[in-house]
Amino acid sequence: MKEFKPVKEGKVREIYDNGDSLILVATDRISAFDVILKNKVTDKGAILTQMSKFWFDFTEDILPNHMISTDVEDMPEYFRTEQFAGRSMMCKKLEMLPVECIVRGYITGSGWASYQENGTVCGIKLPEGLKESEQLPEPIYTPSTKAEIGDHDENVSFEKTVEILEKLYPGKGETYAEALKEKTIALYKKCAEYARSKGIIIADTKFEFGLDEEGNVVLGDEMLTPDSSRFWPLEGYEAGKGQPSYDKQFVRDWLKANPDSDYNLPQEIIDKTVAKYKEAYQLLTGEDFDASK
């Protein structure tokens with residue numbers, strides 16, 4: 001049996017080269033503030049993989065994505081074990097574009113802090129008088145550059161994304177930048193409307209895109225998971241304050257309140273985080289989470 005070693009390890013995922021495809025494995029690691037925490041969060045990787053699969057299927061009408069299969073039986077023998085089942089996704093190889101495509105439908109987090117300071121979020125002027133966690137009149141696109149592990153992503157203007165992409169693809173920078181913005185907002189609108197009908201507000205999220213062999217823009221990476229998005233319960237939502245969360249905000253809040261934790265979470269916080277992830281999965285897909293999928 002052929003052995004595989006990750007060709008790339010991210011904060012949460014490992015990537016294996018399978019010749020004409022890649023295999024993305026979501027681990028149970030969790031990161032916050034660009035640091036990988038010392039704890040593992042049981043089943044988290046499988047929940048992220050299954051949730052991405054759900055959204056990839058749901059948005060195929062907007063644009064193609066990189067998913068081929070999440071069934072380890074479709075993958076080389078090395079991956080047909082309990083260690084990889086449920087948390088692995090075989091994907092098309094793409095040339096990933098160096099832009100994190102962030103979309104915000106509500107004002108919260110660093111966006112709220114920036115708005116209070118000068119009325120803008122990532123340089124975009126917003127209406128006066130917005131409250132914390134309020135829905136924006138229209139979703140806004142606030143891209144950033146992708147940082148290496150340990151560095152922070154840097155917010156950039158739309159014009160800067162044109163410049164970055166133009167350098168890589170002369171004559172096509174503006175076309176690609178426009179496509180990223182348009183697809184990001186279209187994906188967000190469709191999914192946020194659906195999620196709201198299931199009792200979840202998607203406050204903001206990020207997408208990543210790549211190019212296929214023909215130069216078409218294809219959705220890659222993960223999609224609308226609690227790791228890449230802010231999910232709030234619709235029940236009890238009220239603008240004017242921070243919201244309870246289905247995502248890593250739970251972990252972030254605990255770390256902020258315990259600055260001497262050395263990034264070590266108590267078991268209670270891990271259990272609560274897993275329960276939140278599973279609840280979000282169940283609400284969105286209508287199915288109970290099954291790790292062996």
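All residue numbers in this chain count up from 1 along the given sequence.
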Item to check | Note: Glu193-Lys189 ion pair, threshold 4.0 Å (strictly below) | outcome: no
Checklist entry - Would you call Lys278 and Asp288 a salt bridge, taking side-chain N to carboxylate O under 4.0 Å as the test? => result no
Checklist entry - Going by an N to O cut-off under 4.0 Å, is there a salt bridge joining Lys190 and Asp61? => result yes
Item to check | Charged N-O contact under 4.0 Å between Glu14 and Arg29 | outcome: yes
Next on the checklist: Under a 3.5 Å distance rule, please check whether Ser114 uses its side chain to pair with a backbone N or O of Ser110 as donor and acceptor.
Outcome noted: no
Checklist outcome for this item: dist Thr273:OG1 -> Asp43:CG (nearest 0.5 Å) comes out at 13.0 Å
Checklist entry - So which pairs with a foot in residues 201-234 pass ring pair (Phe, Tyr, Trp, His ring centres under 6.0 Å), sequence neighbours left out? => result Tyr106-Trp232
Item to check | NZ or CZ of Lys44 within 45° of Tyr277 ring axis and under 6.0 Å | outcome: no
Next on the checklist: Over 60° means perpendicular and under 30° means parallel, so tell me whether Tyr78 and Phe84 are parallel, tilted or perpendicular.
Outcome noted: tilted
Item to check | Spacing of CD belonging to Glu95 relative to CD belonging to Glu213, to within rounding of 0.5 Å | outcome: 11.0 Å
Item to check | Audit row: Ile30, Val12, side chain to side chain contact (heavy atoms under 4.5 Å, CB included) steps and yes/no | outcome: CA-CA 6 Å; Ile30 188 164; Val12 172; 5.9 Å; no
Checklist entry - Pairs in or reaching into residues 63-76: which pass salt bridge (Lys or Arg N to Asp or Glu O under 4.0 Å), with residues at least two apart or in two chains? => result none
Next on the checklist: Would you compute the distance between atom CG of Leu283 and atom CD of Glu235 and round it to the nearest 0.5 angstrom?
Outcome noted: 10.0 Å
Next on the checklist: To the closest 0.5 Å, what do you measure between NZ (Lys172) and CG (Leu165)?
Outcome noted: 12.0 Å
Checklist entry - Between Thr205 and Arg230, is any side-chain donor less than 3.5 angstrom from a side-chain acceptor? => result no
Next on the checklist: I need the Leu37 CG to Leu255 CG distance, nearest 0.5 Å.
Outcome noted: 5.5 Å
Next on the checklist: Quick check on Gln282: does its CD atom have over 12 non-hydrogen neighbours (other residues, nucleotides or ligands) under 6.0 Å away?
Outcome noted: yes
Just list the side-chain donor-acceptor pairs under 3.5 Å for residues 130-137, sequence neighbours left out, or say none.
unit_1	atom_1	unit_2	atom_2	d
Ser133	OG	Lys241	O	2.5
Ser133	OG	Gln243	NE2	3.4
Glu134	OE1	Lys131	N	2.7

Checklist entry - Would you say the side-chain atoms of Asn118 pair up with the backbone N or O of Thr120, donor to acceptor, closer than 3.5 Å? => result yes
Item to check | Salt-bridge criterion met for Asp17 and Lys93 (N-O under 4.0 Å) | outcome: yes
Item to check | Under 3.5 Å: donor-acceptor pair, side chain of Ser261, backbone of Asn258 | outcome: yes
Checklist entry - Rounded to the nearest 0.5 Å, how far does SG of Cys91 lie from NE2 of His66? => result 3.5 Å
Checklist entry - Does Lys276 make a cation-pi contact with Tyr246, if we ask for NZ or CZ under 6.0 Å from the ring centre and within 45° of the axis? => result yes
Item to check | Ionic contact status for Lys206 with Asp221, cut-off 4.0 Å | outcome: no
Next on the checklist: Closer than 3.5 angstrom, by distance alone: can the side chain of Lys40 be matched with the main-chain N or O of Thr27 as a donor-acceptor pair?
Outcome noted: no
Item to check | Plane angle bin for Tyr194 and Phe58 - parallel if under 30°, tilted between 30 and 60°, otherwise perpendicular | outcome: tilted
Checklist entry - Side chain of Asn18, backbone of Leu22: donor and acceptor closer than 3.5 Å? => result no
Checklist entry - With a distance cut-off below 6.0 Å to the six-membered ring centre and an angular limit of 45° from the axis, does Lys160 pair with Phe158 as a cation-pi contact? => result no
